[in-house]
Amino acid sequence: MANIALITGITGQDGAYLAEFLLKKGYKVHGIKRRSSIFNTERIDHIYEDPHVENQRFTLHYGDLTDSTNIINLIQKIQPDEIYNLAAQSHVKVSFETPEYTANVDAMGTLRILEAVRLLGMEKKCRIYQASTSELYGKVQEIPQTENTPFYPRSPYGVAKIYGYWITVNYREAYNMYCCNGILFNHESPIRGETFVTRKITRAAARIALGLQKKFYLGNLDAQRDWGHAKDYVEAMYLMLQQDRPEDYVIATGVTTSIRNFVLKTFAVLGIEIDFRGAGENEKGYIKACHNLGFQLEKDQVVVEVDPNYYRPTEVDLLIGDATKARTKLGWQPQYDLDKLIKEMIWSDIKLMKKDVYLKNGGFDIKNYFE
Ligand code: NDP
Ligand code: GDR
């Protein structure tokens, strides 16, 4: 009998990679998607299966982590062996604007999953992965950050996730349930949401190189992040649920890079040298040289400016993780470093944006079309 997995947040970056990964392992995969006024399954359309086929291995259900009856019904119906709780309001800056909603989904949503499994008497059958985060560390207490580093969250998102972390630990200890926290550091990919900083940068760099836009705006350029590839990180989630005993693990690369350096590296892949001048709110990135003759760019063109609207009321300055435990106990071996990740993201965005170039060159002006 195939193992049955239930993934919340299946339409997100990690949900899509994890679903693909588990299907390859022979699992039957169920996912919870939210009702939306437009299609929201773009990341998983390639693995979609018509519900009319026999032996369907991939099934989507409508649901929402704010609705406990929905969660209980689905878990009862699906009878999963493993639940991966990836659903969240996952944007740190947005959490300052929607703190109550963020707490409802990210904190209470986790409780709803755990409580559903317990109420249904599935504590022994069902293993649970909780998507915890390096945002728990927040204000720097110690570097590199390990499973033992104290937490000091700096956003409503971080505070909500700390509840998710501790309620997962509590259900493990109180009810002897197999539930694990993956304390995952930032992980990205070509399907990363467009408003997270890495994708915002690769997307804008692609558009600038192709002449579709002149510049873009960023917030704090000094923040430092430990960035890995989502593909590597979903494998770690799976490994955490295959052990003899449930434990919590840090997943990270151990290398940290500033936002400014991420910009430099991204443009460098395209043969474009950037020079940052000025400081604080007045810092700007200029084109110093363009070594790719295919791109018609002017020297000294400003490509990036700081917009303080993107600053956060409280910032997480420095993240760098130590994943020794995951490497030794889980045998986790990431395949990507930052340079490989950036290359994959930027060339994917160039490919994507080329469609807009063809439309533009063909005389199709999207703006005029709708006016
Ligand atoms: P995304 O933002 O890409 O995906 C979030 C998913 O959650 C989407 O499928 C979204 O649905 C769904 N969702 C949001 N609100 C609800 C709700 N109320 N009910 C049901 N589903 C909901 O996040 P990632 O894939 O990047 O991250 C996955 C998880 O891992 C999240 O919990 C995140 O907080 C955590 N995490 C992420 C890290 C990262 O660097 N990526 C690092 C550490 C932790 P929809 O598509 O409809 O919006
Ligand atoms: P983060 O990711 O907050 O670490 O949370 P994000 O990419 O949003 O920000 C990283 C850093 O970049 C700075 N920054 C900007 N960020 C955004 N989004 N947009 C900008 O224009 C910009 N300019 C500078 C930010 O201030 C920050 O310091 C991600 C999410 O995936 C969480 O769900 C997850 O838990 C953590 O990673 C680990």
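Order of listing sets the numbers, starting from 1, for every ligand and every atom in it.
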Please work out whether any backbone atom (N, CA, C, O) or any side-chain heavy atom from C-beta onward of [X] is under 4.0 Å from ligand 2, and answer side chain, backbone, both or neither.
| X | value |
| --- | --- |
| Ser90 | both |
| Lys161 | neither |
| Arg192 | side chain |
| Leu218 | both |

N/O of [X] under 3.5 Å from N/O of ligand 2, yes or no?
| X | value |
| --- | --- |
| Phe196 | no |
| Tyr310 | no |
| Arg312 | yes |

Hey, does Leu221 have a side-chain heavy atom less than 4.5 Å from the side chain of Ser258?
no
May I ask you to list the atoms of ligand 1 that are less than 4.0 angstrom from any heavy atom of [X]?
| X | answer |
| --- | --- |
| Asn186 | 40 (O) |
| Thr133 | 43 (C), 44 (C) |
| Ser132 | 43 (C), 44 (C) |
| Thr11 | 8 (C), 9 (O), 11 (O), 45 (P), 46 (O), 47 (O) |
| Ala131 | 29 (C), 30 (O), 32 (O), 35 (C) |
| Leu184 | 42 (C), 43 (C) |
| Asn40 | 47 (O) |

Could you name the option among [options] that has the heavy atom nearest to [atom]?
| atom | options | answer |
| --- | --- | --- |
| atom 34 (O) of ligand 1 | Trp227, Tyr233, Tyr157 | Tyr157 |
| atom 23 (O) of ligand 1 | Gly15, Ser90, Gly12 | Ser90 |
| atom 29 (C) of ligand 1 | Leu86, Thr195, Asn85, Val92 | Leu86 |
| atom 22 (C) of ligand 2 | Asp106, Val197, Leu184, Val316 | Val197 |
| atom 24 (C) of ligand 2 | Val92, Thr195, Asn220, Val94 | Asn220 |

Does the ring of [Y] carry [X] above it, NZ/CZ under 6.0 angstrom from centre and within 45° of its axis?
| X | Y | answer |
| --- | --- | --- |
| Arg35 | Tyr62 | no |
| Lys325 | Tyr249 | yes |
| Lys25 | Tyr27 | no |

Would you say CD of Glu100 has more than 12 non-hydrogen atoms from neighbouring residues, nucleotides or ligands within 6.0 angstrom?
no
Greater than 12 external heavy atoms within 6.0 Å of Arg277's CZ
yes
Check [options] against [X] for a side chain to side chain contact (heavy atoms under 4.5 Å, CB included) and give me the one that passes.
| X | options | result |
| --- | --- | --- |
| Lys354 | Leu210, Leu359, Asp349 | Leu210 |
| Val316 | Thr314, Leu319, Leu318 | Leu319 |
| Arg192 | His187, His229, Arg199 | Arg199 |

Side chains of Glu142 and Thr149, donor plus acceptor under 3.5 Å:
yes
In terms of side-chain heavy atoms, does Asn40 have a donor or acceptor partner in Thr11 at a distance below 3.5 Å?
no
In ligand 2, which numbered atoms sit nearer than 4.0 Å to a non-hydrogen atom of Lys200?
20 (C), 21 (O)
Could Glu115 and Arg112 be called an ion pair, given the rule that one side-chain N must be under 4.0 Å from one carboxylate O?
no
So, Glu315 and Arg225, do they make that salt bridge, N to O below 4.0 Å?
yes
Measuring from non-hydrogen atoms of Ile32 to any atom of ligand 1, is the shortest distance under 4.0 Å?
no
Report yes or no: does Lys93 have a heavy atom closer than 4.0 Å to ligand 2?
no
Would you say Ser134 has any N or O atom under 3.5 Å from an N or O of ligand 1, going by distance alone?
no
So for ligand 1, is Arg192 a polar contact partner (N or O within less than 3.5 Å, distance only)?
yes
Only one of Phe196, Tyr233, Phe262 forms a ring-ring contact (aromatic ring centres under 6.0 Å, His included) with Trp227, so which one is it?
Phe262
Looking only at protein heavy atoms, identify the closest one to atom 34 (C) of ligand 2 and say how far it is in Å.
Tyr157 OH, 3.5 Å
